[in-house]
Amino acid sequence: ETFGEDLARAVRLVLGTTHPASKPRQGLNRFQWALPSTLPTGGGPSVLTSEGHSFGRVFYGAFYDLIRNLLGRGRTPAAVRKAVTTAGKLLVAGAKGAPLTPRFFQAVGRVMMLEDRNVNGGENDRAIADAFSAHGILLGASAMLTPTAAVTTAVGGTATGRSAIAALGKRLGGDGGRKTHATRRVEIGGTLVTEVSGERRVSLGAVSERFSGVVCYVPNTVLIGDMPSGRSAVLGGFDDPESVDAEVQRFVRQLMERGRVDFAGTDALVYAPSLARGKGAVGTGGSGSAKSGERRARLATHTVVESHGARILRRARFACGPDCCGASLVD
């Protein structure tokens, strides 16, 4: 239920009690899902923020509650093993089948519930729904496969089907977006559907003057199902473009505040905001000030590059430990 105790203790000793990682992660929590754009970008270990590790505790809590719900009053090793195995299999199905959308936690939960209905006859419907709703995630799993918009032709392997997918991908990308870059057939709760993705262009000028003229491309995904009439339909609807833009811009702002963006495009070391050492240090949102004037240099996770006459923000790598990212303290 609790993990990372040793790491949290080290963080607490070195960076202080206000650092977000100064307390261990706990599955038994009451964190409630909220729009990331409405959450603070930084805060102490007891505050839910839009930073990925902090925000991930919402799903962690829901999954841990699912295990508890499946276990019920069982107290034997066999009962625990059965609850964990059932929850694990549902999670794997959810992660494999969920479309990549801004509401990914909900999408995973919905696929888990649909998979349970297909494999277990819905035996664990209540356990799954209650676990997610306890953390503010309402599933309404049936809505995921409900037709919401017609597609001009079927999306099968015919030429017209490929044209329909291309047209849909352009719609997903919007003005200035990229056409369909990925499709796949996936089974969700026993129903075979097609996942179609486009790439939406998001302007980052509103984030900071440093991002003037810079854009990024983010995936925009829908599910397509075949109707009895032989035509196809969008299942579950489209994501709201304005919400997608706002959340992308919020995420990029956090990257900049944490010194994770290489604006020069040279992939050289960049400087993160100063970090104070010792108890009482503040390390939230990149606003801490170092007592000794230290700055931390590291390879950026994202870099601004020139491509086809445009300036694009691209991911270069994922954040990892100091040694493998080339991080060092610079006086």
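Along the sequence shown, the residues carry numbers beginning at 1.
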Supply the atom-to-atom distance [X] [atom1] to [Y] [atom2], rounded to the nearest 0.5 angstrom.
X	Y	atom1	atom2	result
F211	C216	CZ	SG	9.0 Å
T41	L255	OG1	CG	11.5 Å
N124	E115	CG	CD	11.5 Å
L139	S133	CG	OG	7.5 Å
D245	E247	CG	CD	10.0 Å
D116	I128	CG	CD1	4.0 Å

Output yes when [X] and [Y] qualify as a salt bridge under the 4.0 Å nitrogen-oxygen rule, no when they do not.
X	Y	answer
D65	R68	yes
R200	D239	no
E187	K96	no

Closest approach of [X] to [Y] (non-hydrogen atoms, all atoms of both residues):
X	Y	value
A300	R260	CB-O, 3.2 Å
A98	E195	O-OE1, 4.0 Å
S46	K23	OG-NZ, 3.7 Å
A87	I67	CB-CG1, 3.8 Å
H19	V11	ND1-CG1, 3.4 Å
A83	L71	CB-N, 3.8 Å

Measuring only between side-chain heavy atoms, which start at C-beta, is [X] closer than 4.5 Å to [Y]?
X	Y	value
V261	T303	no
Q26	R57	no
S22	P45	yes
F105	F55	yes
V193	V186	yes
M113	D125	yes
V252	M256	no

Partner residues of Y60 under the side chain to side chain contact (heavy atoms under 4.5 Å, CB included) criterion, sequence neighbours left out: F3, R25

Got a sec, which residues hit side chain to side chain contact (heavy atoms under 4.5 Å, CB included) with V222, two or more places apart in sequence or on another chain? L168, L172, V196, I224, V234, F238

If you count the non-hydrogen atoms of other residues, nucleotides and ligands that lie under 6.0 Å from CD in E242, is the total more than 12?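 Check fails, neighbour count at 12 or below.
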
CG/D240: more than 12 non-hydrogen atoms of other groups inside 6.0 Å: yes

With sequence neighbours excluded, give me every ring pair (Phe, Tyr, Trp, His ring centres under 6.0 Å) pair touching residues 106-140.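 Matches after skipping sequence neighbours: F59-F132.
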
Any pair counted as ring pair (Phe, Tyr, Trp, His ring centres under 6.0 Å), so long as it reaches residues 65-100, sequence neighbours left out: none

Please confirm whether R210 makes a cation-pi placement over F263, using NZ or CZ under 6.0 Å from the six-membered ring centre and within 45° of the ring normal. yes

F318 ring centre to R315 NZ or CZ under 6.0 Å, with the angle to the axis within 45°? yes

Test of understanding: clusters of I, L, V, M, F, W, Y form through side-chain heavy atoms closer than 4.5 Å, transitively. Do W33 and L91 belong to the same one?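 Same hydrophobic cluster.
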
Quick one: do V119 and V108 end up in the same hydrophobic cluster if we chain Ile, Leu, Val, Met, Phe, Trp and Tyr together by side-chain heavy atoms under 4.5 Å apart? no

Please confirm whether the backbone N or O of [Y] pairs with a side-chain atom of [X], one donor and one acceptor, at under 3.5 Å?
X	Y	value
S212	E209	no
Q106	L138	yes
T76	A79	yes

All side-chain hydrogen bond (donor to acceptor under 3.5 Å, both in side chains) counterparts of T101, not counting sequence neighbours: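 Per chain and number, T101 pairs via side-chain hydrogen bond (donor to acceptor under 3.5 Å, both in side chains) with no residue.
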
Suppose the criterion is salt bridge (Lys or Arg N to Asp or Glu O under 4.0 Å): which pairs have a residue in residues 72-90, not counting sequence neighbours? none

Side chains of S50 and Q254, donor plus acceptor under 3.5 Å: yes

Run the side chain to side chain contact (heavy atoms under 4.5 Å, CB included) check on L28 and Y64 step by step: do they pass? CA-CA 7 Å; L28 192 61; Y64 189 77; 4.3 Å; yes

Let me see the working for R311 and V215 under side chain to side chain contact (heavy atoms under 4.5 Å, CB included), right down to the final yes or no. CA-CA 6 Å; R311 299 179 68 212; V215 301; over 6 Å; no

